[in-house]
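Scroll down for the structure; my scribbles are underneath it.
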Amino acid sequence: MARNKQRDRAAAAVPVVETVDGGLAELIPDRERPRGWTLLIDGAPQSHVDLDDPARLTFEYQRRLGHIADLAAPPNRPLQVVHLGGGAFTLARYVAATRPRSTQQIVELDGPLVQLVRRELPLDAGARIRVRSTDARAGLAKVQDGWADLVIADVFSGARTPAHLTSTEFLAEVRRVLRPGGFYAANLADGPPLTHLRGQIATAAAVFPELALTADPTVLRGRRFGNAVLLASDRELPVAELTRRVATDPHPGRVEHGRALADFAGGASPVTDESAKPSPVPPASVFR
């Protein structure tokens with residue numbers, strides 16, 4: 001009976017549609033979750049939020065970023081996190097729920113999107129989350145040296161990562177902001193022949209000594225377009241535990257690291273500001 005009432009409340013919710021700087025934003029109610037919402041920009045799914053249970057991550061790549069946040073420090077220890085790209089603030093809500101007293105900064109260029117999310121999907125009043133409406137790299141430049149335990153990059157403009165967020169110069173800024181032992185995690189999107197993904201691995205390897213990559217095996221084999229999450233640090237990574245978590249996900253994935261990851265990169269060259277390009281355009285079929 002209670003579940004039916006929840007479904008009835010969810011069914012009563014209506015989509016919210018507004019034009020933001022990045023295009024047409026749609027907040028679509030989740031028919032199974034009374035306060036669940038999916039954010040789309042120009043038809044491309046960006047985030048899913050459950051206001052009743054912010055520790056619940058639905059999207060595959062967000063679950064993998066959640067695993068990395070879980071492993072960034074011992075359980076229950078507050079984190080200092082920089083989120084480059086805001087979306088619906090899903091990962092910031094997750095960290096606030098799973099690690100109370102964490103201090104977080106969100107850098108999101110799209111001011112109207114920030115206003116929409118704040119109004120329709122308000123943050124918990126007690127969450128220590130600051131939101132800046134500025135370019136990701138410009139916002140990162142304002143963060144003090146060694147401040148962050150974790151930097152998460154999930155920035156897309158028109159479903160593509162901007163070129164200036166793909167270079168060694170950008171990653172040098174990320175490393176400056178991270179404390180010793182901190183984690184950098186990036187949501188990357190690519191498809192056959194995986195040129196962008198291989199280049200991003202080479203770029204991260206030029207700045208960080210330790211890397212791991214997690215994705216659906218079909219993406220890693222170059223059979224379809226999809227997301228991969230790159231993890232980088234100056235310390236040994238918890239590869240075994242990350243592998244276990246990813247393998248037991250609702251959408252199981254694979255983790256590559258060490259020699260296997262270097263072989264996967266296949267001799268790709270690091271990307272610099274001078275040579276940087278946006279990530280590839282996703283095929284229309286990805287969002288159907």
Side-chain angles (χ1 to χ4, degrees), residues 47 49-50 53-87 89-107 123-124 126-132 136 139-140 142-155 171-188 204-205 207-215 228-249 253 255-258 261:
S47 305
V49 170
D50 186 342
D53 184 7
R56 180 177 182 268
L57 299 177
T58 301
F59 285 9
E60 177 182 307
Y61 83 89
Q62 289 182 332
R63 288 186 58 81
R64 290 170 186 165
L65 289 171
H67 295 324
I68 290 170
D70 291 344
L71 298 172
N76 302 317
R77 202 200 87 182
L79 293 177
Q80 296 187 168
V81 186
V82 177
H83 302 265
L84 302 178
F89 311 160
T90 303
L91 268 298
R93 299 174 200 268
Y94 176 83
V95 171
T98 58
R99 293 180 179 270
R101 303 184 309 284
S102 292
T103 303
Q104 303 184 76
Q105 301 182 42
I106 297 173
V107 183
L123 289 164
D124 187 304
R128 300 177 180 180
I129 301 173
R130 178 183 180 184
V131 185
R132 294 178 175 175
L140 188 67
K142 295 180 180 179
V143 181
Q144 68 188 62
D145 293 5
W147 183 84
D149 297 293
L150 173 63
V151 174
I152 296 176
D154 186 15
V155 184
L171 287 184
E173 270 293 281
V174 170
R175 185 158 185 184
R176 176 191 65 78
V177 165
L178 286 172
R179 65 166 179 80
F183 283 178
Y184 169 65
N187 177 30
L188 307 173
V207 178
F208 292 95
E210 298 292 335
L211 304 180
L213 184 77
T214 175
V229 171
L230 178 66
L231 171 61
S233 183
D234 64 357
R235 69 172 168 97
E236 184 177 354
L237 298 173
V239 172
E241 180 59 19
L242 179 62
T243 299
R244 185 190 70 78
R245 291 175 181 236
V246 169
T248 56
D249 255 353
V255 175
E256 297 286 6
H257 66 102
L261 184 57

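Between I106 atom CD1 and D154 atom CG the span is 11.5 Å, to the nearest 0.5 Å. To the nearest 0.5 Å, atoms CZ (R132) and NZ (K142) are separated by 6.5 Å. Taking CD1 from I129 and CG from L123, the interatomic distance works out to 4.5 Å, rounded to the nearest 0.5 Å. The CZ atom of R101 lies 8.0 Å from the CG atom of N76; values are rounded to the nearest 0.5 Å. R179 CZ to L79 CG: the interatomic distance, rounded to the nearest 0.5 Å, is 8.0 Å. Atom CG of D234 and atom CG of L178 lie 8.0 Å apart (nearest 0.5 Å).
Listed by first and then second residue, the salt bridge (Lys or Arg N to Asp or Glu O under 4.0 Å) pairs involving residues 66-79 are D70-R245, R77-D149 (not counting sequence neighbours). Contacts classified as salt bridge (Lys or Arg N to Asp or Glu O under 4.0 Å) and involving residues 91-100 (residues at least two apart or in different chains) are not found.
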* V95 and Q104: CA distance, side-chain angles, deciding distance, side-chain contact (heavy atoms from CB on, under 4.5 Å) verdict -> CA-CA 9 Å; V95 171; Q104 303 184 76; 3.4 Å; yes
* For F89 and V131, what are the C-alpha separation, side-chain angles and deciding distance, and is it a side-chain contact (heavy atoms from CB on, under 4.5 Å)? -> CA-CA 9 Å; F89 311 160; V131 185; 4.2 Å; yes
* Kindly indicate, with the supporting measurements, whether the criterion side-chain contact (heavy atoms from CB on, under 4.5 Å) is fulfilled by L84 and Y184. => CA-CA 11 Å; L84 302 178; Y184 169 65; 5.5 Å; no
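For the residue pair P100 and P78, the shortest heavy atom distance occurs at O-CG, 3.6 Å. Of all heavy-atom pairs between A204 and L230, the closest is CB-CD2, 3.7 Å. Nearest heavy atom pair, residue L213 against residue A228, reads CD1-CB, 4.0 Å. The shortest non-hydrogen separation linking L57 to G66 is CD1-CA, 3.8 Å. Nearest heavy-atom pair, V107 versus G139, reported as atom, atom and distance to 0.1 Å: CG1-CA, 4.0 Å. Residue A136 comes nearest to V155 through the heavy atom pair CB-CG2, 4.2 Å, listed as atom of the first residue, atom of the second, then distance.
Evaluation of the side-chain contact (heavy atoms from CB on, under 4.5 Å) rule for R235 yields F183, S233 as partners, not counting sequence neighbours. Shown here are the side-chain contact (heavy atoms from CB on, under 4.5 Å) partners of A55, two or more places apart in sequence or in another chain: D53, Y94, A97, T98. Applying the side chain to side chain donor-acceptor pair (under 3.5 Å) rule to T58 yields the partners H48, R56; only residues at least two apart in sequence or on another chain are considered. Taking the side-chain contact (heavy atoms from CB on, under 4.5 Å) definition, one finds that E173 meets it with L140, A141, R176, sequence neighbours left out. Applying the side-chain contact (heavy atoms from CB on, under 4.5 Å) rule to Q62 yields the partners S47, F59, T90, L91; only residues at least two apart in sequence or on another chain are considered. Applying the salt bridge (charged side-chain N to carboxylate O under 4.0 Å, His left out) test to R244 and every residue at least two apart in sequence or in another chain returns E241. In this structure, the side chain to side chain donor-acceptor pair (under 3.5 Å) partners of D50, at least two apart in sequence or on a different chain, are R33. Taking Q105 as the reference, nothing meets the side chain to side chain donor-acceptor pair (under 3.5 Å) condition, with sequence neighbours excluded. In this structure D249 satisfies the salt bridge (charged side-chain N to carboxylate O under 4.0 Å, His left out) test together with R63, sequence neighbours excluded. Residues meeting the salt bridge (charged side-chain N to carboxylate O under 4.0 Å, His left out) test with E210, sequence neighbours left out: none.
Each of N187, T214, L242, V255 was evaluated against R64; a single residue qualifies, T214, per the side-chain contact (heavy atoms from CB on, under 4.5 Å) test.
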